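Read through the structure below, which is laid out as structure tokens, and then see the notes.
Computed from a prediction, not measured in an experiment: that's the story for all the values here. Letters A, B, ... mirror the listed sequences (proteins, then strands); counts begin at 1.
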Protein chains: 2
Amino acid sequence: MATDYRRQHPVCLPLGCWPIELGSVSLRYAAYGADYARRALGRVKRYVDVILAARYSTWIKPVSRAKPPGNNRPTSSSDSVVLAHQTSADGPRAVRLKDIAVLAGVSPITVSRALSRPDIVAEATVARVRAVVERLGYVPNRHAGSLASNRSQLVAAVVPTIANAIFSDTLLAFTSALDARGYQVMFGLSGFDGDSEARLLENVLGRRPDGILLTGARHTARTRMRLAAAGIPIVETWDTSEEPLDMTVGFSHRDVGHALGQHLLDCGCRRPALILGDNDRAAARGRGFKEACAERGYTSVPEKVLASPTTTRQGREALRELLAESPDIDAVSCSSDLLALGAIIEAGQRGIDVPGDLSVAGFGDLDFASQLEPALTTVRIDGQGIGRLAALNLLERIEKHVASGNGAPKQVDVGFELVARASTRPRPHKPENRR
Amino acid sequence: MATDYRRQHPVCLPLGCWPIELGSVSLRYAAYGADYARRALGRVKRYVDVILAARYSTWIKPVSRAKPPGNNRPTSSSDSVVLAHQTSADGPRAVRLKDIAVLAGVSPITVSRALSRPDIVAEATVARVRAVVERLGYVPNRHAGSLASNRSQLVAAVVPTIANAIFSDTLLAFTSALDARGYQVMFGLSGFDGDSEARLLENVLGRRPDGILLTGARHTARTRMRLAAAGIPIVETWDTSEEPLDMTVGFSHRDVGHALGQHLLDCGCRRPALILGDNDRAAARGRGFKEACAERGYTSVPEKVLASPTTTRQGREALRELLAESPDIDAVSCSSDLLALGAIIEAGQRGIDVPGDLSVAGFGDLDFASQLEPALTTVRIDGQGIGRLAALNLLERIEKHVASGNGAPKQVDVGFELVARASTRPRPHKPENRR
DNA sequence: CTGTTAGCGCATTCAT
DNA sequence: ATGAATGCGCTAACAG
């Protein structure tokens, strides 16, 4: 039963603490000072709730130090429930490592080890510590841990947006892989402008991540310096780069565009056009596309560039405009599947047969691409693979960094897959499933 | 020009530091000890790079303390460049507040204030500090700050997934609003199972966020206790709840379903069906839908439940199965626009006219909904508004928390908007744009 | 296997 | 307007 203990009591319970059965309270208050004992007992009588070392640890310490000859460890799980509810005016206080130590009858460092490296601690000790942790709901303060160890177990992922469905696979895989190794991922949304990216980075670096994942291309000189100065492994994804900061896991957008251009021309198209989002990667694909066209003598490629993130509506409008300006186009390659969907819808509305009169290609192989009628030709990227590889490479560097210094720059090309479907069938074939 | 300084030097530069022009070096090495001076000067000659108090602050301190009668502050911006590149074996070290203080000729606390509350520090001092900070690229260590102040300036957002385009508006607005007030947002992906949510929460709470945003319904008793025990403001979004943890910003999914049911019946449908994702919110909408049907005497509603996150492919398949089992259905309400897209495509393939023979409704009003042919009837949620309101309410609590204790539970209902489009036109009208 | 000692880098409190 | 002293909660290094 989920009870909201917060409402039952006049003050919040300390971080990670909740009421438990009291059992036999062995409150040797004489050892703690009369004042404390009075307050503690008062609380106990009133709330019968968990008792917490909290602010009183200074009083407890001497007891633990005194080590009476007999046994100052809890004799049963119930009598270790010893202390007092927080009463100070400045709000509740969290359970600390030290509190666990006192209740488990060991030193703080042993608790630390029992939790982070149980293999080097005696089994019985670990069990005892775990029991107390569980009972008090202790959650270690990672700020303190990071500060002391100089390792944050935190990896930052700076992405332009999370709205892009195409990135989310990557981020999920990245997160999972790191999670499995005990790292947390902290997302930073840089938006599409480089200005806020600088501020974001400042914030992110303040949290001293052990590594950084970047998505989204061009960084200012200042940003690059800051990153280099941070001295932590960096992996850039979703692109190969001519001047990588550290590692990259991605593919050549130029090659994708080139392959799309060739494919459309192979399908018999003679007047291909482009609909592109206004980001670097889409532009690179556009460049590759035009190169492929130029190689076969088609030097003029009508083109529409739209504000990112691109939408289906933009796709419809762009095709409309393209047709108005260049009525003879017979193929259009879009920088996202959403744009392509818009183009297909617009074509349908105008009675333009796809692919009979107009071939349409997208990018991303989103869920719906294969389900459309006609099914959409697109480019599939192993977004999950990118995320996984980025995580693994980062981890390798992070762990190595502990021992040695830097590694050699590493570039991973995951390639891409052009998925030819009905929306760009070779011209000779007439589609069967026209409606 | 973006130079990768990391590769120019055998060791990484310290966090936030990069080479700068040296100017006139006033290295009074006599004060620092011969050994240090020898090394420092050796480095300076070899790299001509930035000079860093770093590990040597203990040596510097006495100088700063001595306060020679003249002026121990930098006389110009160039001669304050004083120290040595990091040479210790245990790797580079970050610039600290103390380093800035030494170079700016003030105490650490003054630097702290100059950066966080410049209004209470003399203008000239702030300027001097800022200059040094800028030059050394100092980035404050937030772990230390959080530990000392017991405020992390961090808000956690725990969501099932970021793939869902429908959440991303909320998250973006949430992030923006908090960013504007100096808070960082930390995302946690809970997935769709409650098991990993528990572990995630443990990790998240370890970072001591000042507040938490939750999306995605049912929490285990354990989770609820942990959250209550954390004693920080919590806002649950995208739903109203019967047993809220703290605050909620959302709407009634039951009411959405009810409105959809009424709408379809109003359109003249007499045999409505459901296609739902297998999450609580979709289920609640389904319940409302069936209630609306029951109110008018339609007690049997064919239904397909699919694994979340739902896809267009699932929508196609689900409609196929529904038609096989209940060939007489004349309306289908889907728990997402993607499912609805699939249903529309499948209907098109089978020659079933939408809305003539089958009305289709979705949920979310995704980008493409209005662009489809026929345009999709759906439900629009102000996702951005949810994010903004969640942030504002959280902020209010966070700031208030500093002064007083808890606030009263707060429930905000942002409502919803049923957007009736061509896919559910009233039966009498025959659609004009059939293909 | 466990304990002792000594900080990590910063902000709070109380001085001046 | 600025500074000194103190400690946040934890872990590293070294003892035993």
Side-chain angles (χ1 to χ4, degrees), chain A residues 14-16 53-55 57-58 61 64-65 67 73 90-91 93-102 104-126 128-129 138-153 206-208 402, chain B residues 14-16 53-55 57-58 61 64-65 67 73 90-91 93-102 104-126 128-129 138-153 206-208 402:
Chain A
L15 181 67
R55 192 155 283 273
S57 55
T58 48
K61 215 169 181 180
S64 148
R65 268 211 194 120
K67 285 216 182 193
R73 284 181 183 167
D90 52 333
R93 200 188 178 79
V95 183
R96 291 154 308 172
L97 195 58
K98 200 194 285 187
D99 303 321
I100 305 297
V102 171
V106 294
S107 76
I109 187 64
T110 300
V111 175
S112 172
R113 285 197 274 247
L115 294 179
S116 59
R117 304 185 51 199
D119 48 303
I120 64 165
V121 174
E123 254 182 61
T125 311
V126 173
R128 204 143 28 84
V129 168
Y138 169 64
V139 179
N141 184 330
R142 312 289 241 107
H143 294 304
S146 301
L147 185 59
S149 68
N150 200 29
R151 307 186 63 236
S152 60
Q153 299 280 103
R207 308 276 176 195
R208 298 296 189 266
V402 173
Chain B
L15 182 67
R55 191 153 283 273
S57 54
T58 48
K61 216 168 180 180
S64 148
R65 267 210 195 120
K67 285 215 182 193
R73 284 182 183 168
D90 52 332
R93 199 188 178 78
V95 183
R96 290 153 308 171
L97 196 58
K98 197 195 287 187
D99 303 321
I100 305 297
V102 171
V106 294
S107 76
I109 186 60
T110 300
V111 176
S112 174
R113 286 197 273 247
L115 295 179
S116 59
R117 305 186 50 197
D119 48 303
I120 63 164
V121 174
E123 254 183 60
T125 311
V126 172
R128 205 144 27 83
V129 168
Y138 169 63
V139 178
N141 184 330
R142 312 289 241 105
H143 294 305
S146 301
L147 186 58
S149 68
N150 199 28
R151 307 186 61 236
S152 60
Q153 299 280 105
R207 308 277 176 196
R208 297 295 188 269
V402 172

Legend entry - Under-4.0 Å side-chain N/O to phosphate OP1/OP2 contact, A/Thr110 with C/dG3: yes

Legend entry - Contacting residues from residues 111-119 of chain B, given that a heavy atom lies under 4.0 angstrom of DNA chain D: B/Arg113

Inset, instruction - Under the side chain to side chain donor-acceptor pair (under 3.5 Å) rule, collect the residues that match up with A/Ser107, sequence neighbours excluded. - result: A/Thr110

Legend entry - Partner residues of B/Ala144 under the side-chain contact (heavy atoms from CB on, under 4.5 Å) criterion, sequence neighbours left out: A/Leu147, B/Asn141

Legend entry - For B/Ser146, side-chain contact (heavy atoms from CB on, under 4.5 Å) partners two or more places apart: A/His143, A/Arg207, B/Ser152

Legend entry - 5' priority, DNA chain D, between B/Ala144 and B/Glu123 [closest heavy atom]: B/Glu123

Inset, instruction - Starting from C1' on C/dA11, measure out to CG on B/Leu147 and report it in whole angstrom. - result: 10 Å

Inset, instruction - Determine the minimum heavy-atom distance between B/Thr125 and B/Val121, stating which atoms define it. - result: CB-CG1, 3.7 Å

Legend entry - Candidates D/dG9, D/dA12, C/dA11 - which lies nearest the side chain of A/Arg96: D/dG9

Inset, instruction - Name the nucleic acid region contacted by B/Ser146, choosing base, sugar-phosphate or nothing; use a 4.0 angstrom heavy-atom cut-off, strictly under. - result: nothing

Legend entry - Minimum-distance nucleotide (side-chain atoms of A/Ala122 versus C/dG7, C/dC1, C/dG3): C/dC1

Inset, instruction - Sort and list the pairs that fulfil side chain to side chain donor-acceptor pair (under 3.5 Å) and have at least one residue in residues 111-123 of chain A, not counting sequence neighbours. - result: none

Inset, instruction - Identify the heavy atoms of A/Arg128 and A/Val106 that sit nearest to each other, and give their distance. - result: NH1-CG1, 4.0 Å

Inset, instruction - Indicate, with a heavy-atom threshold strictly under 4.0 Å, whether A/Pro108 touches base, sugar-phosphate, or nothing. - result: nothing

Inset, instruction - For D/dG3, take OP1 and OP2 only and decide whether either is under 4.0 Å from a side-chain N or O of B/Ser107. - result: yes

